[in-house]
Amino acid sequence: MSLDIKYAYVLPKAFSLKASLLSRQKIYELARMNNLEEFVSSLNILEGYKGCFNDIKNLSATSIERKLILKLIETERKFIEWSPREESLFLSVFFRRHEITNMKAMIHGRISGLSLREINRYIIVEVEQVLGHEDIIKRLRSIGKKEITFVLRELGYPVNLGEVLPRILETGDYYLIDAYLNRGFLHILQDNIGKLSEPNRGLCHYVFSVLIDMHNVINILRGKLWQLSTEEILDLIVEPKVGVINYEHLMKMINEKSLSSCINLLKDTQYHHISKKRKIEDIEKEFRKFYYLRAEELFKGNMFSIGPLLGSIMLREREIKTLIAIAYGIERKLPFEILKEELLV
């Protein structure tokens, strides 16, 4: 089958989605809304979100977030269905980042002692339906903390709760669980990039190298902040088969005595502009901006590839994350100038 036939149906969908994305001016206009009712009413008539909030109940930033995430999930489900086989399989792997979010919510809730009813508020069941993992959520609801480790390993997420639980209970910081789950997802993603043919492999390497570099750098910085040992930090990072920052440079960062000197080593990488930041949350935000800028470039060059398909999903994701941030900002009554700094646009 020729390339143009394989992509004949899905490519126009990708470009149509890109064309429907909100302008920066429109996003800033939404961020200036006075209340959530006004925000939802304005968003509900825009292309791409028409009717999205028609049946929303108990209006809050949380309920808006859920609707927007469901919108993204439905978009991705369609692209997985419409795409050629190789692209569809990889988009399914990329989709598993939503499962990571479910796993985090479930484990955080179980450790915190939340009731299953409370935990269910944070679980997006539709994610598991797309992946065919509905039984996983049922199992996680009913088993003990020790058994959760085995279920996660079945899914390819090597988190040993027995090892991280004492530190979590001591510090109250759940980030270690998140770091281990993210690492598991990135291992799976990196392995599947290697299975792609060209030009898909090169395009995914170009985009996801930033995601892997961000994960490694942020976990090195957090590890130093928590005074973890070298071995403990190495246990959090992904061996960079795809990442641009190689293992030797990561070791240099780990071996630096101060957080500041560790950050300064970013000057020797393509992320030299990020080295000016001093706060970990600011560094992470700059990495995310850089990551989504790569998505915009996926619409250039070879159109008959995974590029436009992946790019349209990533740009919709950026937009939805931005809208979610706006919803919470409006709910907290943040002034526009402060809220503006939280946005990814």
Side-chain angles (χ1 to χ4, degrees), residues 9-10 12-83 91-92 94-102 104-105 120-131 134 137 288 292 295-296 299 308-334 336 339-340 342-345:
Y9 186 75
V10 71
K13 301 289 185 182
F15 280 91
S16 175
L17 191 157
K18 184 175 184 289
S20 73
L21 294 172
L22 305 178
S23 66
R24 180 175 298 185
Q25 180 181 354
K26 174 57 69 174
I27 285 172
Y28 285 164
E29 181 184 316
L30 290 166
R32 288 189 171 93
M33 298 290 173
N34 295 313
N35 52 62
L36 291 178
E37 288 78 6
E38 188 179 343
F39 172 72
V40 165
S41 296
S42 299
L43 194 56
N44 213 29
I45 59 174
L46 295 176
E47 188 65 35
Y49 298 97
K50 287 180 179 177
C52 185
F53 304 99
N54 283 350
D55 61 345
I56 196 167
K57 298 174 182 178
N58 303 318
L59 186 62
S60 66
T62 302
S63 61
I64 292 171
E65 177 182 17
R66 190 177 186 88
K67 283 289 186 181
L68 288 170
I69 293 296
L70 286 172
K71 178 71 177 177
L72 178 60
I73 287 168
E74 178 60 15
T75 298
E76 291 190 52
R77 185 194 65 76
K78 289 178 179 177
F79 272 90
I80 290 169
E81 179 185 326
W82 295 333
S83 297
L91 292 179
S92 295
F94 182 51
F95 183 86
R96 290 186 69 176
R97 71 197 188 283
H98 298 300
E99 182 171 59
I100 290 290
T101 302
N102 271 352
K104 290 173 184 176
N120 287 342
R121 292 172 52 205
Y122 302 99
I123 301 296
I124 307 291
V125 178
E126 288 81 355
V127 169
E128 310 308 326
Q129 291 171 349
V130 171
L131 294 171
E134 296 101 317
I137 290 294
R288 290 198 183 281
Y292 286 118
E296 295 179 3
F299 286 87
L309 318 182
L310 185 60
S312 60
I313 290 171
M314 289 174 63
L315 292 177
R316 177 67 90 193
E317 178 183 57
R318 178 178 66 178
E319 180 174 275
I320 282 177
K321 285 185 174 182
T322 299
L323 293 172
I324 290 169
I326 290 173
Y328 280 101
I330 293 173
E331 187 173 70
R332 291 160 55 199
K333 301 190 183 303
L334 291 181
F336 171 72
L339 177 54
K340 181 181 176 182
E342 300 297 317
L343 307 182
L344 286 170
V345 293

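Note that the structure is a prediction, hence the values are computed from the model and not measured.
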CD on Glu65 to CD1 on Ile320, rounded to 0.5 Å: 11.0 Å
Any donor-acceptor N/O pair, Ser41 side chain to Glu38 backbone, under 3.5 Å: no
Donor-acceptor pair, side chain of Glu76 and main chain of Ile313, under 3.5 angstrom: no
Criterion side-chain contact (heavy atoms from CB on, under 4.5 Å) on Ile124 and His98, from CA distance to verdict: CA-CA 8 Å; Ile124 307 291; His98 298 300; over 6 Å; no
Considering all heavy atoms, the nearest Glu331-Ala61 contact: OE2-N, 3.0 Å
Atom pair CD (Glu126) and CG (Leu72), whose distance is rounded to the nearest 0.5 Å: 12.5 Å
Steps toward side-chain contact (heavy atoms from CB on, under 4.5 Å) verdict (Leu22, Val345): CA-CA 10 Å; Leu22 305 178; Val345 293; over 6 Å; no
Sidechain-backbone polar pair: Ser63 side chain, Asn58 backbone, donor-acceptor under 3.5 Å: yes
Heavy-atom pair with the smallest gap, counting every atom of Ile330 and Ala31: CG1-O, 4.5 Å
Rounded distance (nearest 0.5 Å) linking atom NZ of Lys104 with atom OH of Tyr122: 16.0 Å
Reported NZ-to-NZ distance for the pair Lys67 and Lys57, which is rounded to 0.5 angstrom: 9.0 Å
Expected output: side-chain Lys71 to main-chain Gly48 donor-acceptor under 3.5 Å: yes
Quiz item: cation-pi between Arg288 and Tyr292, 6.0 Å / 45°: no
The single option from Leu36, Thr62, Ile64 passing side chain to side chain contact (heavy atoms under 4.5 Å, CB included) against Tyr328: Thr62
Leu131 to Ser92 - nearest heavy-atom pair and separation: CD2-O, 4.0 Å
Check ion pair Glu317-Arg97 (N to O, under 4.0 angstrom): yes
Verdict with reasoning, Leu310 to Phe79, per side-chain contact (heavy atoms from CB on, under 4.5 Å): CA-CA 9 Å; Leu310 185 60; Phe79 272 90; over 6 Å; no
Leu43 CG to Leu323 CG distance, which is reported to the nearest 0.5 Å: 5.5 Å
Partners passing ring-ring contact (aromatic ring centres under 6.0 Å, His included) against Phe336 (at least two apart in sequence or in another chain): Tyr28
Salt bridge Arg32-Glu29, side-chain N to carboxylate O under 4.0 Å: no
Distance in Å, Thr101 OG1 paired with Ile123 CD1, rounded so as to fall on 0.5 Å steps: 9.5 Å
Any donor-acceptor N/O pair, Ser16 side chain to Pro12 backbone, under 3.5 Å: no
Side-chain (Asn44) to main-chain (Cys52) donor-acceptor, under 3.5 angstrom: yes
Nearest heavy atoms of Phe299 and Ser312, plus distance in Å: CZ-N, 3.5 Å
Glu81 with Lys78: basic N within carboxylate O range, under 4.0 Å: no
Least distance between heavy atoms, Thr322 atom then Ile27 atom: CG2-CG2, 3.7 Å
